[in-house]
Amino acid sequence: MGLFSLTCKQASRLQSQALDRELRLSERLALGFHLGLCDACRKISMQMDFLRRAARAYRVSDDDSGN
Amino acid sequence: MAAIQGVQNFAGQSSIRTWLVGILKHKIIDHLRRQSREAPLQTDADEFSLEDLDGLFKSDGHYAEEPANWSSPDAALNEKRFFEALERCMQGLPDKSAKAFMMREVLGMETGEICKELRISSTNCWVLLYRARTALRLCLEKSWFGAPARP
């Protein structure tokens, strides 16, 4: 995977994996470079991060409701 | 059984939270099992292949449709109805993807533990989580965040 050749499709896989494992340096660089240029993928990052917050908050709301 | 083993594993550093998470994990997995009896199951191969998501991208790897702007999404976290929408979206996920997402993001389990629980490789685990995140993103976009704003 070249530093400058990441597509949105490849970026989206890495964006998800970044939440589950430590990316290699080459992956971090390629993703960082791509995100610097790509509005669409920045939105995807924000949405995936939000899903994590929402899921954690879902657990809390589930505990509170007591059912 | 997993919860009991979990409690034993954590016996040295046992805490109420660990115990609660064990119970909740059970509850979620039971729920998913029940639901998977009611809904037709996709086979593993379907869930581990991402071909069905190819339509999101053009052949050059760009998004076919620009992802929507979710303006101040965190406001949704104060709304009970949002969690109902999230739950419906999670219920719409294929079985293993739903379990993987629940374990990873709701329960905060490590990927390694999830692979063991589902008896799959890390690579397949990442695929399931990617599938779940993508499907949830699209589902919430439709059911909660409304139609995407077009520039």
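Just so it is clear, the model here is predicted, and its values are computed rather than measured. Worth knowing before you read on, the calculation uses all heavy atoms, side chains too, and leaves out hydrogens, waters and symmetry mates. Convention: sequence-line order gives letters A, B, ...; per-chain numbering from 1.
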Visitor: Can you list the steps and then say if A:Q47 with B:F145 is a side-chain contact (heavy atoms from CB on, under 4.5 Å)?
Guide: CA-CA 11 Å; A:Q47 295 183 2; B:F145 291 104; over 6 Å; no
Visitor: Could you look at B:L86 and say if it's the side chain, the backbone, both or neither that has a heavy atom under 4.5 Å from chain A?
Guide: side chain
Visitor: Using the six-membered ring of B:W126, assess whether NZ or CZ of A:R21 lies under 6.0 Å from its centre and within 45 degrees of the ring axis.
Guide: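 Yes; both conditions hold, so A:R21 lies above the ring face of B:W126.
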Visitor: What is the distance from atom CE of A:M46 to atom CH2 of B:W70, rounded to the nearest 0.5 Å?
Guide: 10.0 Å
Visitor: If we only count heavy atoms from C-beta on, is the B:H62 to A:T7 side-chain gap below 4.5 Å?
Guide: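 Not touching, per the 4.5 Å side-chain cut-off.
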Visitor: Would you say the side-chain atoms of A:Q17 and B:Y130 include a donor-acceptor pair closer than 3.5 Å?
Guide: no
Visitor: Are B:F82 and A:F50 close enough that their ring centres sit under 6.0 Å apart?
Guide: yes
Visitor: By a 4.5 Å heavy-atom criterion (distance strictly below it), what part of B:L50 contacts chain A: side chain, backbone, both, or neither?
Guide: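 Answer is side chain: those atoms of B:L50 sit under 4.5 Å from chain A.
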Visitor: What's the verdict on side-chain contact (heavy atoms from CB on, under 4.5 Å) for B:R104 and A:D20, showing C-alpha distance, side-chain angles and the deciding distance?
Guide: CA-CA 8 Å; B:R104 179 77 187 115; A:D20 303 319; 2.9 Å; yes
Visitor: If I measure from the heavy atoms of chain A, does B:L140 come under 4.5 Å with its side chain, its backbone, both, or neither?
Guide: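 Looking at B:L140, just its side chain touches chain A.
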Visitor: Under 4.0 Å between a side-chain nitrogen and a carboxylate oxygen: does that hold for B:E66 and A:K43?
Guide: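 Yes, this pair counts.
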Visitor: Measuring only between side-chain heavy atoms, which start at C-beta, is A:L51 closer than 4.5 Å to B:E105?
Guide: no
Visitor: Less than 4.0 Å between a side-chain N and a carboxylate O, is that true for A:D49 and B:R133?
Guide: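 Answer for the salt bridge query: no.
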Visitor: Considering all heavy atoms of both residues, which atom of B:L77 and which atom of A:A57 are nearest to each other, and what is their separation?
Guide: CD2-CB, 4.3 Å
Visitor: Hey, what do you get for NZ (A:K9) to CG (B:L56), rounding to the nearest 0.5 Å?
Guide: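 Rounded to the nearest 0.5 Å, the NZ-CG separation comes out at 9.0 Å.
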Visitor: Shared ILVMFWY cluster between B:F48 and B:L53, side chains joined below 4.5 angstrom?
Guide: no
Visitor: Can you tell me how far the CG atom of B:D74 sits from the CZ atom of A:R53, to the nearest 0.5 Å?
Guide: 4.0 Å
